[in-house]
Amino acid sequence: MFFRRNKKQEIDFDHLPKHIGIIMDGNGRWAKKRGLPRSAGHSMGAEALKKIVTECNRIGIGYITVYAFSTENWKRPKEEVDYLMNLLLNYLKDAERSLAGENVVIRAIGSRAELSEEIQEQIIKTEAFTAKNDGIVMNIALNYGSRDEILQAVKTLAKKVSAGELDAEDIDDTKLSACLYTGGQPDPDLLIRTSGEERLSNFLLWQVAYSELWFTKKLWPDFTKEDLYQAIYDYQQRNRRFGGV
Ligand code: FPP
């Protein structure tokens, strides 16, 4: 009989990734397999996420960025968009009680103007409520698109150049990074995508330049802390050279 070893025991906790990005894919397929509406997959996805954030916080990961709603997700049926928005609203409300109690700092990244006023207000409240925490920083990518994020950063820098506050020659990686939603945070060391798809889907394109990419066929609602440990273990077996030899 084959016994899978518990990867947690094999992890080097002194060299954990500082920042993990997650593309939580496969909620719809998870529901379809069970003859359930897609919304059920999203609900279970939100539950899986809470467990993963709690575990990452417990072991000392500094940052986690999760793709909750992309700028392209508005193309989904209105019923599904409404369900996701309501789920996100409740997640943010609930986070004030549960995740704040776990010392999590919550931030929303993405364009807020298109979100409902209620969600915008809840984001401000949840961010303020959790800002005093000093545990893991959880970036929830909400109406997020990486190309838009980079374009906004370029525009910010261009305006400084035209105002004479910045010399175009002085624009470098650091200055552009500082203008992104994740400004001031380390780039993800590890990017996880579930459900067997192996693409970036406009997620953190600038920030993942040197990230280790880790894919699993598991659907997001089925993703457990054992899978998280497997991803961290595999990440630690890789030899990151950052372009060197
Ligand atoms: C992709 O699965 C998932 C999404 C578009 C939404 C992700 C949202 C959650 C995990 C839950 C809510 C998150 C928070 C922060 C409360 P899919 O619907 O594209 O699945 P499919 O490819 O199988 O159809």
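Checked by atom type and distance alone, the side chain of D172 pairs as donor or acceptor with a backbone atom of K175 at under 3.5 Å. In this structure, the side chain of N202 engages the main chain of S146 through a donor-acceptor pair within 3.5 Å. Using a distance-only test at 3.5 Å, with no hydrogens or angles considered, no donor-acceptor pair links the side chain of N27 to the main chain of G45. Using a distance-only test at 3.5 Å, with no hydrogens or angles considered, no donor-acceptor pair links the side chain of S201 to the main chain of F203. A donor-acceptor pair under 3.5 Å is absent between the side-chain atoms of D234 and the main chain of W214, judged by distance alone. Distance alone, capped at 3.5 Å, places no donor-acceptor pair between the R193 side chain and the I22 backbone. At least one donor-acceptor pair closer than 3.5 Å links the side chain of R34 to the backbone N or O of W30. The closest donor-acceptor contact from the side chain of S211 to the backbone of L190 lies at 3.5 Å or more, if one exists at all. Side-chain N or O atoms of E149 include none that pairs as donor or acceptor with a backbone N or O of Y144 at under 3.5 Å. Under the 3.5 Å distance criterion, the side-chain polar atoms of Y233 are left unmatched by any main-chain donor or acceptor of I11.
For the residue pair E114 / S111, a side-chain donor-acceptor distance below 3.5 Å is found, with atom types taken as modelled. Side chain to side chain, Q122 and E96 meet the donor-acceptor criterion of an N or O pair below 3.5 Å. Under the 3.5 Å distance criterion, with hydrogens and angles disregarded, a donor-acceptor pair is assigned to the side chains of D227 and T224. In this structure, a donor-acceptor pair under 3.5 Å is absent between the side chains of N103 and N57. When only modelled atom types and interatomic distance are considered, W220 and S195 share no side-chain donor-acceptor pair under 3.5 Å. Between the side chains of N139 and Q185, at least one donor N or O sits under 3.5 Å from an acceptor N or O. In this structure, a donor-acceptor pair under 3.5 Å is absent between the side chains of D173 and S177.
Within the 4.5 Å cutoff, the side chain of I23 has no heavy atoms near those of the I192 side chain. Contact of the V208 side chain with the L200 side chain is registered, since non-hydrogen atoms from C-beta on lie closer than 4.5 Å. Side-chain atoms of I109 and L142, non-hydrogen and from C-beta on, never get closer than 4.5 Å to each other. For the pair M85/D82, no side-chain contact is recorded, criterion being any heavy-atom separation below 4.5 Å from C-beta on. Side-chain contact between I136 and I64: present, with at least one pair of heavy atoms (C-beta onward) separated by less than 4.5 Å.
Between E197 and K217 no salt bridge is recorded (no basic side-chain N to carboxylate O distance below 4.0 Å).
Across all their heavy atoms, A31 and G41 have their closest contact at CB-N, 3.8 Å. Looking at every heavy atom in both residues, K18 comes nearest to P186 through CB-CG, 4.3 Å. The two residues G21 and P188 come nearest to each other via the heavy atoms N-CB, 4.2 Å. G26 approaches L219 most closely through the heavy-atom pair O-CB, 3.7 Å. When all heavy atoms are compared, the tightest approach of V104 to M138 is CG1-CB, 3.9 Å. In this structure, R238 and L213 approach most closely via the heavy-atom pair NH1-O, 2.8 Å.
In terms of hydrophobic clustering, with Ile, Leu, Val, Met, Phe, Trp and Tyr side chains grouped at heavy-atom distances under 4.5 Å, L16 and I52 are assigned to a common cluster. Cluster annotation: L49 is connected to I119 through the hydrophobic network of ILVMFWY side chains, with a link wherever side-chain heavy atoms come within less than 4.5 Å. In terms of hydrophobic clustering, with Ile, Leu, Val, Met, Phe, Trp and Tyr side chains grouped at heavy-atom distances under 4.5 Å, I232 and V53 are assigned to a common cluster. In the hydrophobic clustering of this structure, M24 groups with L92; members are Ile, Leu, Val, Met, Phe, Trp, Tyr whose side-chain heavy atoms approach within less than 4.5 Å, directly or through other members. Note on V105: it does not cluster hydrophobically with I59, by side-chain heavy-atom contacts below 4.5 Å among ILVMFWY residues.
For the atom pair OG (S70) and NZ (K75), the distance works out to 7.5 Å, reported to the nearest 0.5 Å. Going from atom CG of L157 over to atom CD1 of I171 covers 5.0 Å, rounded to the nearest 0.5 Å. Rounded to the nearest 0.5 Å, atoms CG (L84) and CG (L89) are 12.5 Å apart. To the nearest 0.5 Å, the span separating CZ on F69 from CG on L87 amounts to 11.5 Å. The CD1 atom of I61 sits 4.0 Å away from atom CD1 of I20, with the distance rounded to the nearest 0.5 Å. Within the model, atoms CG of D222 and OG1 of T194 stand 9.5 Å from one another, a figure rounded to the nearest 0.5 Å.
More than 12 heavy-atom neighbours from other residues, nucleotides or ligands sit within 6.0 angstrom of CD on E165. When the shell of 6.0 Å around NZ of K93 is examined, it contains more than 12 heavy atoms from other residues, nucleotides or ligands. Surrounding NZ of K50 are more than 12 heavy atoms belonging to other residues, nucleotides or ligands, all under 6.0 Å away. When the shell of 6.0 Å around CD of Q237 is examined, it contains more than 12 heavy atoms from other residues, nucleotides or ligands. Within a 6.0 Å radius of CZ in R112, more than 12 heavy atoms belonging to other residues, nucleotides or ligands are found. Heavy-atom contacts from other residues, nucleotides or ligands closer than 6.0 Å to CD of E127 number more than 12. For K132, the NZ atom is densely surrounded, since the number of other residues' heavy atoms within 6.0 Å is greater than 12.
Among E55, Q9, K7, the one residue that satisfies the side-chain hydrogen bond (donor to acceptor under 3.5 Å, both in side chains) test with Y229 is E55. Checking I140, T126, I106 one by one against Y91, the side-chain contact (heavy atoms from CB on, under 4.5 Å) holds for a single residue, I140. Put simply, the residue from Q207, R107, H19 that forms a side-chain hydrogen bond (donor to acceptor under 3.5 Å, both in side chains) with T182 is Q207.
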Would you sort out whether K33 and R29 count as a side-chain contact (heavy atoms from CB on, under 4.5 Å), showing the intermediate values? CA-CA 6 Å; K33 263 172 62 181; R29 278 163 283 172; 5.7 Å; no
Taking it one step at a time, do K8 and F13 satisfy side-chain contact (heavy atoms from CB on, under 4.5 Å)? CA-CA 9 Å; K8 186 175 182 184; F13 284 92; 4.0 Å; yes
As a quick check of understanding, evaluate side-chain contact (heavy atoms from CB on, under 4.5 Å) for I123 and Q120, giving each step before the final call. CA-CA 5 Å; I123 289 172; Q120 292 189 42; 5.5 Å; no
If you apply the rule side-chain contact (heavy atoms from CB on, under 4.5 Å), what do you find for L88 with L115, and how did you get there? CA-CA 11 Å; L88 287 157; L115 301 171; over 6 Å; no
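For K218 and F215, the positive end is not near the middle of the six-membered ring at less than 6.0 Å and at most 45° from its axis. Figure legend: cation-pi geometry between R76 and W74 absent, as NZ or CZ is not positioned both under 6.0 Å from the six-membered ring centre and within 45° of its axis.
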